[in-house]
Protein chains: 2
Amino acid sequence: MPQPSAPRTSLGRPPRISREEVVAAARRIVDADGVNRLTMRRLAAEIGSTPMALYHHVRSKDELLVLLLDDYAARTLHRPELPEEPRERVIVATDAIHSALADCPWIVDVLTADDLLSTSALWFVEQIIDGLLACGLTPRQAVHGYRAIWYYTAGEIVVRTTAARRRTDDDRPTYRERVFGELDPSELPRLEQVADRWASLTAEDTYLDGLRALVDGLLASR
Amino acid sequence: MPQPSAPRTSLGRPPRISREEVVAAARRIVDADGVNRLTMRRLAAEIGSTPMALYHHVRSKDELLVLLLDDYAARTLHRPELPEEPRERVIVATDAIHSALADCPWIVDVLTADDLLSTSALWFVEQIIDGLLACGLTPRQAVHGYRAIWYYTAGEIVVRTTAARRRTDDDRPTYRERVFGELDPSELPRLEQVADRWASLTAEDTYLDGLRALVDGLLASR
DNA sequence: GGTAGTTTTCTTACATGTACAGAAACTTAC
DNA sequence: GTAAGTTTCTGTACATGTAAGAAAACTACC
């Protein structure tokens with residue numbers, strides 16, 4: 001696969017499948033049976049090919065997942081009305097990305113890939129950086145600010161969804177539960193104090209609160 | 001493995017290996033050959049056992065990695081001098097955890113596990129929450145604040161190390177590079193404006209700046 | 001000692017991602 | 001036509017995590 005999706009030169013054996021077909025078939029499998037059922041063999045069967053043939057169109061299963069996320073973002077990430085006020089624009093744009101990603105908790109690993117995802121997400125990045133600039137940050141500060149926002153957002157999704165995943169396929173007491181049961185009040189009085197409320201407090205969705213705090217802090221540092 | 005590390009009742013076939021031995025052997029392999037060389041078969045060979053025997057002492061390879069991180073934290077996470085001023089105490093305690101984790105970029109997946117890691121990390125959590133309380137937050141706000149700080153910290157490490165990992169085992173242009181090459185200046189003027197500086201700007205380590213901003217924002221919301 | 005019960009270990013087997021080696025199906029140059 | 005070159009596809013093979021169940025090594029009770 002020296003040149004994936006290269007301009008068709010009509011040289012060599014004509015391809016029977018395309019990268020787009022592969023992604024589309026993968027999407028069908030994921031939609032129908034969940035991401036766990038997506039294997040290279042199943043995917044090959046779905047499009048009537050062999051597992052290794054897929055590797056001429058995607059470099060690895062990981063890349064396939066990135067493409068899937070791309071595809072997902074392109075279909076579901078619609079541009080919302082953004083408020084005029086720049087600070088609020090940053091919040092709303094970020095929250096839109098966060099909501100879209102939180103709705104598709106498969107591919108958690110993928111969104112750790114890099115700072116920006118698909119082309120369709122770029123518009124949101126643009127809005128975030130524009131908002132930060134409009135608030136008076138320098139371009140340098142704005143890019144760093146966007147990074148911080150992305151760290152926070154990606155971290156929230158990754159931590160939250162993997163924690164949830166572990167909870168479902170596991171009945172034994174969590175590590176957290178074990179640890180909190182054996183707290184030494186004299187050494188860790190604050191944790192002891194909140195121990196019984198910990199589970200319910202950390203179950204609350206405070207993403208937006210944290211985001212607002214972060215953006216406030218970023219703007220205050222200008 | 002109904003009761004891992006249960007109180008030895010001297011009933012049943014006596015174990016030839018212990019969970020501690022398994023973790024210690026795993027550590028030896030990781031230290032010597034890197035985390036990629038850590039396979040269940042290799043680990044079994046290292047302690048003169050069989051792969052499946054390991055599964056009576058750790059539930060899965062994932063859990064083994066969690067235990068490895070635990071072990072790592074217990075050995076390297078030393079309690080630093082913390083400043084008196086509570087806001088700065090939060091910063092320093094968090095930064096200590098972050099530094100320790102950033103130094104051990106294997107097990108990225110692990111640290112997404114849950115909000116707190118090993119018992120040795122609890123002291124830091126205590127300090128963070130105590131600092132937030134001392135700044136005037138309610139217990140509820142303090143726990144939420146700690147969560148936000150953890151999201152940001154975990155996100156920074158996960159995003160940064162997986163991006164680095166991808167860069168090393170991959171020579172082809174990054175997705176980011178491809179995307180930034182084809183920016184439409186009329187639609188995405190801000191990105192166009194910073195495009196050439198993007199790589200160097202995002203390479204800078206701004207973890208502490210972002211952390212300070214986040215903590216500032218959290219405290220301002222009180 | 002024998003039988004049952006319990007815990008740990010071993011053997012075998014399978015699903016998965018993917019490396020490697022060619023075969024197949026084309027185009028271009030002669 | 002044939003040979004060479006290029007791209008795509010196929011078949012085989014391997015390393016890995018781990019499920020399932022049999023076997024082993026012990027204790028407790030008779």
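Naming: A, B, ... by sequence-line order, numbering from 1 per chain. Not measured: the values here are computed from a predicted model.
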**Request:** Send over the distance from L11(A) CG to dA24(C) C1', rounded to a whole Å.
**Result:** 14 Å
**Prompt:** What is the distance from CG of L43(A) to P of dT16(C), rounded to the nearest Å?
**Reply:** 12 Å
**Request:** Please check the phosphate of dT10(D) (OP1 and OP2 only) for any side-chain N or O of S49(A) closer than 4.0 Å.
**Result:** yes
**Asked** Is E63(B) paired with R19(B) through a side-chain N to carboxylate O contact shorter than 4.0 Å?
**Response** yes
**Asked** Starting at CE of M40(B) and ending at C1' of dT11(C), how long is that distance when rounded to a whole Å?
**Response** 16 Å
**Asked** CG of L64(A) versus P of dT16(C): gap in Å, rounded?
**Response** 15 Å
**Asked** Rounding to a whole Å, what distance do you find between Y55(B):OH and dA19(D):C1'?
**Response** 10 Å
**Request:** Return yes if a side-chain donor-acceptor contact under 3.5 Å exists between Y151(A) and R147(A), otherwise no.
**Result:** yes
**Between Y152(B) and W150(A), ring centroids under 6.0 Å** = no
**Asked** R19(A) has an atom CZ; how far is it from atom P of dT7(D), in whole Å?
**Response** 16 Å
**Prompt:** What nucleotide, of dT12(D), dA13(D), dG17(D), holds the atom closest to the side chain of M52(A)?
**Reply:** dT12(D)
**Message:** From CD1 of I47(A) over to P of dT8(D), roughly how many Å is that when rounded to an integer?
**Reply:** 14 Å
**Request:** Report yes if a side-chain nitrogen or oxygen of H57(A) is closer than 4.0 Å to either non-bridging phosphate oxygen (OP1 or OP2) of dC9(D); otherwise report no.
**Result:** yes
**Request:** Nearest whole angstrom, please: distance from the P of dG21(D) to the CZ of R13(B).
**Result:** 19 Å
**Of R41(A) and P51(A), the one whose closest DNA chain D nucleotide lies more 5'** = P51(A)
**Request:** May I have the step-by-step check of side-chain contact (heavy atoms from CB on, under 4.5 Å) for C104(B) and T76(B), ending in yes or no?
**Result:** CA-CA 10 Å; C104(B) 115; T76(B) 66; over 6 Å; no
**Request:** Identify whether the distance between the nearest side-chain nitrogen and carboxylate oxygen of E187(A) and R79(B) falls below 4.0 Å.
**Result:** yes
**Fill in**
The answer to which of T50(A) and R16(B) contacts DNA chain D further toward the 5' end, by nearest nucleotide, is T50(A)
**Prompt:** Closest to the P14(B) side chain: dC26(D), dT12(D), dG17(D)?
**Reply:** dC26(D)
**Request:** Measure from the side-chain heavy atoms of H56(A) and tell me the nearest of dC10(C), dG17(C), dT8(D).
**Result:** dT8(D)
